[in-house]
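Written below as structure tokens is the structure these notes are about.
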There are 2 protein chains.
Amino acid sequence: MDYDVKDDGMTEQTLPSTGREWHLAARPQGWPVPEDFALVEAPVQAPAAGQILVRNEYLSVDPYMRGRMNDVKSYVPPFRLGAVMDGGAVGRVVASAAEGFAVGDAVLHGLGWREYATLDADKAIRVDDALPLQSYLGVLGMTGLTAYAGLLEVGGFQPGEAVFVSGAAGAVGSMVGQIAKLRGASLVVGSAGSDEKVRMLTEELGFDVAFNYRNGPVAEQLAKAAPEGIDVYFDNVGGEHLEAAIGALRLKGRAVLCGAIAQYNDTTPPVGPRNLALAIGKRLRLEGMLVGDHYALQPAFVAEVGGWMAEGRLVFEETVVEGFDRTVEAFLGLLRGANTGKMLVRVDG
Amino acid sequence: MDYDVKDDGMTEQTLPSTGREWHLAARPQGWPVPEDFALVEAPVQAPAAGQILVRNEYLSVDPYMRGRMNDVKSYVPPFRLGAVMDGGAVGRVVASAAEGFAVGDAVLHGLGWREYATLDADKAIRVDDALPLQSYLGVLGMTGLTAYAGLLEVGGFQPGEAVFVSGAAGAVGSMVGQIAKLRGASLVVGSAGSDEKVRMLTEELGFDVAFNYRNGPVAEQLAKAAPEGIDVYFDNVGGEHLEAAIGALRLKGRAVLCGAIAQYNDTTPPVGPRNLALAIGKRLRLEGMLVGDHYALQPAFVAEVGGWMAEGRLVFEETVVEGFDRTVEAFLGLLRGANTGKMLVRVDG
């Protein structure tokens with residue numbers, strides 16, 4: 001059933017009765033395959049009192065979603081079989097039954113992987129559309145805050161220190177390296193999985209040194225890049241990188257454990273860092289983080305990072321996959337490192 | 001050449017011209033063997049101005065000494081081949097050319113593994129001999145401070161939390177468990193390598209639960225001992241224990257990395273904790289420690305732990321090997337877990 005919504009006298013829109021959604025069809029063993037997902041046409045719910053209906057414009061695909069595809073207890077509950085894969089999204093209100101939200105308002109919310117989302121208005125955050133909407137899924141959103149809080153609050157980074165970031169061409173990693181430089185790091189080293197990304201890190205993002213981890217043992221390449229060692233390691237990948245970083249960390253060094261994308265699809269347990277006992281003599285600190293613990297930092301983050309954005313001092317890369325039907329392709333590409341910077345899906349592409 | 005020393009008119013002693021010392025004869029590959037050490041008769045040096053000559057009464061043998069037998073850069077320099085294996089010792093001054101030190105004074109110093117030590121007086125600490133001298137090598141010394149600082153300062157232990165200690169029957173471990181109980185832990189679990197030690201932990205030291213890690217997988221035994229998980233893990237052994245603890249640690253749990261005795265004699269790298277990525281979602285902190293960073297805590301430590309000692313609330317176990325010629329035997333026994341509590345050598349035994 002189609003229905004019309006009067007938009008404060010400005011326009012009149014016809015809303016579709018159905019919209020497309022991506023469902024979890026099967027729990028993957030190891031690497032997910034397209035057959036683990038199902039594209040479903042589902043009824044669009046009219047907003048009840050206090051709700052809004054949003055047409056999504058950009059969807060976020062993120063590494064943590066791989067973990068939610070498994071049926072295991074974790075820090076976020078698993079996706080349910082046969083249900084939509086939630087995720088961060090930005091879009092515009094197309095129907096509102098909530099005070100304070102008008103048709104046309106740009107909002108950030110958590111009901112991604114679908115074209116239309118009906119949700120309680122208090123679960124949506126109105127955002128300023130003077131900036132590109134998709135930046136709220138990246139540099140000014142959870143991605144940016146993860147980098148900011150991880151480097152500064154968890155990693156305790158101080159000006160003059162040397163920083164190493166893995167997954168450096170990714171959404172979080174590219175922010176970590178730039179924030180470190182802008183905050184006065186003596187050396188910023190990044191690793192990535194292609195020569196093209198490596199070139200981008202040094203030529204566009206201001207990393208001092210970068211290397212392609214596929215070109216040789218990480219420990220050897222890191223020793224060449226930072227012969228005097230590092231003070232903070234921001235870990236997005238786990239595995240061999242973490243072991244190399246433990247070797248390179250100096251006295252009282254810190255490792256921020258933020259992601260382990262290298263092993264998300266392993267069906268057997270990965271190899272742990274065999275040199276962890278070095279942490280004793282060097283008094284290293286390894287600490288896991290989730291951005292949700294650091295929301296108190298949000299105002300400082302927006303002020304500082306927003307300032308750098310306004311001054312044009314921050315490069316934020318995006319890889320935008322065009323078209324809602326390519327969401328799974330975007331997600332699988334992300335897991336294989338096909339993105340540079342934040343990986344997004346443009347719904348209408 | 002024998003020489004006499006006038007002891008402020010009190011006694012007159014004849015000092016020997018030579019004393020025995022244990023030297024490092026060869027760098028071990030894997031487990032040390034008796035042939036890696038040499039018992040050497042060496043001249044006793046008369047104290048120069050500002051020095052004292054000490055007859056050692058008790059020697060400390062410690063796990064960290066195994067690391068110093070390797071020729072690798074570490075937090076303490078390696079022992080030199082053909083030189084004495086230094087280590088903690090307590091004894092009495094038998095000749096003094098230093099102000100403030102008289103013959104008969106009890107002192108703590110760092111020139112162990114020998115019968116007689118000649119050293120600058122400012123490298124010796126005079127100790128109160130109302131307490132057994134050997135306690136300065138254990139409960140009131142670096143051993144006790146390691147436990148105290150590791151649990152409270154590095155581990156950030158709070159009353160009401162659950163604690164797991166490996167190597168719990170060892171010198172540091174047995175103190176950690178007792179301090180945790182005395183400071184209000186909700187649960188203290190210890191692991192050790194024999195049923196006799198396990199019995200001692202619960203029946204004499206006040207641990208709530210203890211298990212023999214040789215009796216089954218550590219993770220399974222720990223899950224049984226602490227079904228609701230733990231908040232602080234004090235790691236003396238590394239390896240399988242650390243992996244089990246990472247699994248059992250609750251949100252925001254801490255692992256104090258103090259020792260890795262399980263792997264000191266490995267010639268191949270040990271297996272690292274394969275589940276380290278759990279630290280992300282649980283926001284765990286793993287932190288290495290050396291007691292030398294925590295000397296500022298010494299006054300608080302002596303006041304609190306000395307108080308518990310005086311009240312008889314602290315059990316401190318010692319394993320005393322009698323006789324200087326058995327020092328190597330004591331050390332090798334320590335590495336194999338033959339001790340309960342602090343392992344000591346009584347020089348005159």
Side-chain angles (χ1 to χ4, degrees), chain A residues 63-64 66-68 72-77 146 149-150 153-154 156 235-240 242-243 246-247 249 251-264 266 268-294, chain B residues 63-64 66-68 72-77 146 149-150 153-154 156 235-240 242-243 246-247 249 251-264 266 268-294:
Chain A
Y64 80 87
R66 173 62 189 88
R68 295 191 66 190
V72 292
K73 209 178 107 182
S74 180
Y75 54 94
V76 281
T146 300
E153 202 159 77
V154 182
D235 189 21
N236 288 306
V237 303
E240 185 191 358
L242 180 55
E243 184 170 292
I246 288 171
L249 279 164
L251 284 187
K252 309 257 182 163
R254 290 84 67 198
V256 181
L257 310 180
C258 182
I261 197 168
Q263 61 201 49
Y264 286 169
D266 290 351
T268 52
V271 174
R274 294 162 295 182
N275 58 354
L276 187 54
L278 291 177
I280 302 170
K282 296 201 282 188
R283 287 88 99 202
L284 305 183
R285 173 161 59 80
L286 288 75
E287 190 160 351
M289 74 164 291
L290 290 183
V291 67
D293 291 341
H294 303 278
Chain B
Y64 79 88
R66 174 61 188 87
R68 295 190 66 189
V72 292
K73 210 178 106 181
S74 181
Y75 55 92
V76 280
T146 300
E153 204 158 75
V154 182
D235 188 21
N236 288 305
V237 304
E240 184 190 359
L242 180 54
E243 184 169 292
I246 288 171
L249 279 165
L251 284 187
K252 309 257 181 164
R254 289 85 66 198
V256 180
L257 309 181
C258 183
I261 196 169
Q263 60 201 50
Y264 286 169
D266 290 349
T268 51
V271 174
R274 293 161 295 182
N275 58 353
L276 187 53
L278 290 177
I280 302 170
K282 296 201 283 187
R283 288 89 99 201
L284 306 183
R285 173 161 58 81
L286 289 75
E287 189 161 351
M289 74 163 291
L290 290 183
V291 66
D293 290 341
H294 303 278

Which one of A:Asp293, A:Leu257, A:Val154, A:Asn275 has the most heavy-atom pairs closer than 4.5 Å to chain B?
A:Asp293
Nearest 0.5 angstrom please: B:His294 NE2 to A:Arg283 CZ, how far?
8.0 Å
In terms of heavy-atom proximity below 4.5 Å to chain A, should B:Leu242 be classed as side chain, backbone, both, or neither?
side chain
Closest-packed option against chain A by number of heavy-atom pairs under 4.5 Å, given B:Leu278, B:Leu284, B:Val256:
B:Leu284
Work out which heavy atom in B:Leu276 is nearest to a heavy atom in A:Pro273; give both atom names and the distance.
CD2-CG, 3.7 Å
Side chain, backbone, both or neither: which part of B:Asp235 has an atom under 4.5 Å from a heavy atom of chain A?
neither
Among the listed options B:Glu243, B:Arg254, B:Arg285, the residue most often paired with chain A at heavy-atom distances under 4.5 Å
B:Arg285
